Amino acid sequence: MMKLSLGPIQYYWPRERVMDFYREVERAPVDIVYLGETVCSKRRELRPADWLELGDRLAAAGKTVILSTLALMEAESERLALESLARNGRFLLEANDATALGVCAGAPFVAGPHINTYNAATLAELADLGAVRWVMPVELSRQVLSAMHAARPAGLETEVLAFGRLPLAFSARCFTARARNVPKDACELACIDYPGGLPMATQDGETFLTINGIQLQSADPANLIGSLPELMDMGVEVARISPEPEGTLEVIQAFRDCIDGTRSSAQALERLQPLFPRFCNGYWLGDAGMRWHEEGLSA
Amino acid sequence: MSAHRMELVCPAGGLPALRTAVDNGADAVYLSLRGETNARNFPGLNFDRKALAKGIAYAHSKGVRVYMALNTYPQPDLWRSATEAVDTAAAEGVDAVILADLGLLRHAADTHPDLTLHLSVQGSATTADALNFYHERFGVRRAVLPRVLSLSQVGQVIQRSKVDIEVFGFGSLCVMVEGRCMLSSYATGESPNTRGACSPAHAVRWVETQRGREARLNGVLIDTFAPGENAGYPVICKGRYRVGDGQETLYAIEEPTSLSTLDILPDLLGIGVRAIKLEGRQRSPAYVGKATRVMREALDACHADPKHYTPRPEWAQQLSGMSEGRTHTLGALHRAWQ
Amino acid sequence: MPLPKPPVLLPLGVALRLLPDAVHTRVFTALVNHLLRGQPAAEELGPLEGKRICLSVTDHRGGVCFLVRGQGITPWRARGADDWDVRIRGRLEDFWRLATRAEDPDTLFFSRRLDLEGETEAGLYLKNLLDTAEPDWEGHIHAVLGERAGRRMVRLLHRLGLGRHLPGGLHVTDP
């Protein structure tokens, strides 16, 4: 049976909002929950101890908890925080850069979506390092995954981002601070004002990207619910949902129904359509990531 | 005072550029085989095996080293050509290969234990621990840092790193962590990671309209240039957009500007940087010649007397004349830019 | 910064103004095809096969259009303003500086002195072909003069030290 995971929150939410969200997640039908700040180390509404406490609560509710690391490590303090995270003694880490790979090597860990895993030789290398699961980079297609699965090391699980805005790029610069016309060092944690990021449109008014601090995301959430049967056939063990400010619990339920077979993927898609203006799934189908193809999906 | 010298590493998109770089004072050149195994996969650019042999022979005859970049992340359909490219590099006698992919690093380390390995900027390693991971695991000897760190951060990395550090010294500026940017494939289906192409040419259209010259990428309007306004490469990060509810258009990500480290060469020398790289394998021999000559003079002046080094105005003038955006920045090396 | 005009451009500019484009095109294509003989670049025209390419000189009201065919080019008479796949527009002086590799095309592009319209990929291929092709003068001389006379000529040029004055240099395989 395919497992359902909830990725780390990519946005900067006030502490109470995070707590409320995870209280609901305790009761939501997900199997795995990834916790932690992956985008910007200046976002400190929750301290490491708070994340661990949240982890304990979710674990008590029957979830498998994994702690996600920063995608871009720059400062000495971030490395020290990572090393202490690795010594938590309770939860595995999701490594999101080579610093974390070095720290995790030799013990079981998850190779996150920001580790560039584009071929079977890299899968073998990750397995050799101790990876028990890898999360497919978002720009890969079903053809590539199927070719990689043909030579996947035994015991290495595959996880695919099945719903949520695509993390597309990380920078040294903060685009939210830039939009507010302040330097990054004086950002005053402006991200907290944008629980779903800041939309960015082209000059002819097309929504195009989402600004989220030092990260750029797709404008619309990726949605592979229509391809879920295909993912299961291909032997993908985990489908990941990335938290959005609204509608995440409904998304979880729709995916759960689809996995349990109580709803077809077409029905599940229909249920999600009113909640979001648009979706994208181009990457999965081998097209430009921004594209949305409804036709040709398995019913 | 530092005893070491910084190596000048220059781009070569073809044989004429290689000869020009060598003749104008490069210590090393970096190049690629044709195809999707390198991050500058432009139509008609780069070396076939015959040109590679000629290029290596010419460079080596003048005491100049040759590095081959194989810095995409080959997907299964490209795996064979990528490993063959590593094998070709070893057989032809390049002085190092510049890699990013974990699987390819493994192949190179196991198959060619004597081949020197550099970690590409596309490897996204931004900390000493990340670099040491690559060193201990694959024997990587040098790494190119992504253009996201400040000068003091670069210094901290060097202090704890077991590999030599190379930094970009001049050229078009990538504002994202290299190897972590999928903006191009989001719009076109092809990215530096997957196909060695950022804004692949087949997806680019320049259209003259009444409002000015539109740059479109697979239909997405990246920017509109008023008549006479300087243009940049048609990449998503250098376009102008609307943010939030605002109606004005702005460079929401980055201005089209170029990186230049002419002003801080003694600082880079002082913190222990081992090599300075010039960007621009897609540029012409005319650019390579000028950029190499300017940086050679600047480095010689810096090495001779770092304490009293002052960049000559004509250096900056010559470089900015050829630059994207025709303005310069220290980029992330200057903390305030971040 | 305006550059001093090379003296060669003066008669070229006058010719562009006085002669019909058909004449420029014939002269241009004959010259290019002549230069392409025996060149590795001629073998790499494949991706441009069938492309209609127009070079349009903005300051002298003229230009040439040609069609890439096989290992050379043939004159192309455009049947309207948009009858091309790639159009490169610029001033005569800038075209000259490109042809002699004195200027970098991207530099001209950034400063809006050069426009590339239409199929960007074909245009970029053409640009990179010109940038990366190393003129094989030895091969060219052999192709034009024949094997024996060609070899004598190459040796002569090399011995007299004239080879290095050819654009890109004469790189002799067997001096």
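Just so it is clear, the model here is predicted, and its values are computed rather than measured.
Sorted pairs that involve residues 124-145 of chain B and meet ring pair (Phe, Tyr, Trp, His ring centres under 6.0 Å), not counting sequence neighbours, are lacking altogether. Residue pairs that meet the ring pair (Phe, Tyr, Trp, His ring centres under 6.0 Å) test with at least one member in residues 191-223 of chain B, sequence neighbours left out, are W206(B)-F109(C).
With a 4.5 Å cut-off on non-hydrogen atoms, D245(B) does not touch chain A at all. Using a 4.5 Å cut-off between heavy atoms, A125(B) makes no contact with chain A at all. E83(A) touches chain B through its side chain: at least one heavy atom from C-beta onward sits under 4.5 Å away, while N, CA, C and O do not. Proximity to chain A (any heavy atom under 4.5 Å) is restricted, for I236(B), to the side chain, taken from C-beta onward. Both the backbone and the side chain of D97(A) come within less than 4.5 Å of a heavy atom in chain B. Residue contact with chain B, scored on non-hydrogen atoms closer than 4.5 Å, is absent for N181(A). At a 4.5 Å heavy-atom cutoff, the contact between T188(B) and chain A is made by backbone atoms alone. Neither the backbone nor the side chain of A177(A) comes within contact range of chain B; no heavy atom of the residue lies under 4.5 Å from a heavy atom of that chain.
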Going through the distances and angles, do Q75(B) and Q143(A) end up as a side-chain contact (heavy atoms from CB on, under 4.5 Å)?
CA-CA 10 Å; Q75(B) 295 164 72; Q143(A) 281 92 344; over 6 Å; no
For a side-chain contact (heavy atoms from CB on, under 4.5 Å) check, start with the C-alpha distance between N218(B) and R291(A), then their side-chain angles and the critical distance, and finish with the verdict.
CA-CA 11 Å; N218(B) 200 14; R291(A) 298 271 187 248; 3.4 Å; yes
Criterion side-chain contact (heavy atoms from CB on, under 4.5 Å) on E125(A) and H107(B), from CA distance to verdict
CA-CA 10 Å; E125(A) 192 64 20; H107(B) 169 83; over 6 Å; no
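The candidate with the highest count of non-hydrogen atom pairs below 4.5 Å against chain B, out of Y118(A), Y194(A), F175(A), is Y118(A). Heavy-atom pairs under 4.5 Å with chain A peak, among L104(B), L250(B), I222(B), L221(B), at L221(B). The greatest number of non-hydrogen atom pairs below 4.5 Å with chain A, out of T249(B), I253(B), L183(B), L102(B), is found for I253(B). Between chain B and the residues A105(A), G286(A), A121(A), the most heavy-atom pairs under 4.5 angstrom are made by A121(A).
Contact of the V144(A) side chain with the P76(B) side chain is registered, since non-hydrogen atoms from C-beta on lie closer than 4.5 Å. Looking at M176(B) and L216(A), their side chains come closer than 4.5 Å, going by heavy atoms from C-beta outward. Between R106(B) and T122(A) the shortest side-chain heavy-atom distance does not fall below 4.5 Å. R137(B) places a side-chain heavy atom less than 4.5 Å from the side chain of L129(A).
Scanning both residues, L72(A) and R180(B), for their nearest heavy atoms gives N-NH1, 4.1 Å. Across every non-hydrogen atom of V148(B) and A172(A), the tightest pair is O-CB, 3.2 Å.
In this structure S185(B) satisfies the side-chain hydrogen bond (donor to acceptor under 3.5 Å, both in side chains) test together with E139(A), Y283(A), sequence neighbours excluded.
Between T99(A) and the options N132(B), D129(B), T127(B), a side-chain hydrogen bond (donor to acceptor under 3.5 Å, both in side chains) holds for only T127(B).
Below 4.5 Å, heavy atoms of chain B meet heavy atoms from L198(A), P199(A), M200(A), A201(A), T202(A), Q203(A), D204(A), G205(A), F208(A), L209(A), I211(A), all part of residues 195-214 of chain A.
No side-chain donor from either of N116(A) and S124(B) sits under 3.5 Å from a side-chain acceptor of the other. Neither side chain, Y73(B) nor N119(A), offers a donor N or O lying under 3.5 Å from an acceptor on the other.
Atom-to-atom distance recorded for R147(B):CZ and S171(A):OG is 11.5 Å, nearest 0.5 angstrom. Remark: F170(A) CZ to M182(B) CE distance equals 8.5 Å, nearest 0.5 Å. Rounding to the nearest 0.5 angstrom, the gap separating the CD atom in E78(A) from the OG1 atom in T126(B) is 8.5 Å.
The environment of R213(B) atom CZ is dense: over 12 non-hydrogen atoms of other residues, nucleotides or ligands sit within 6.0 angstrom.
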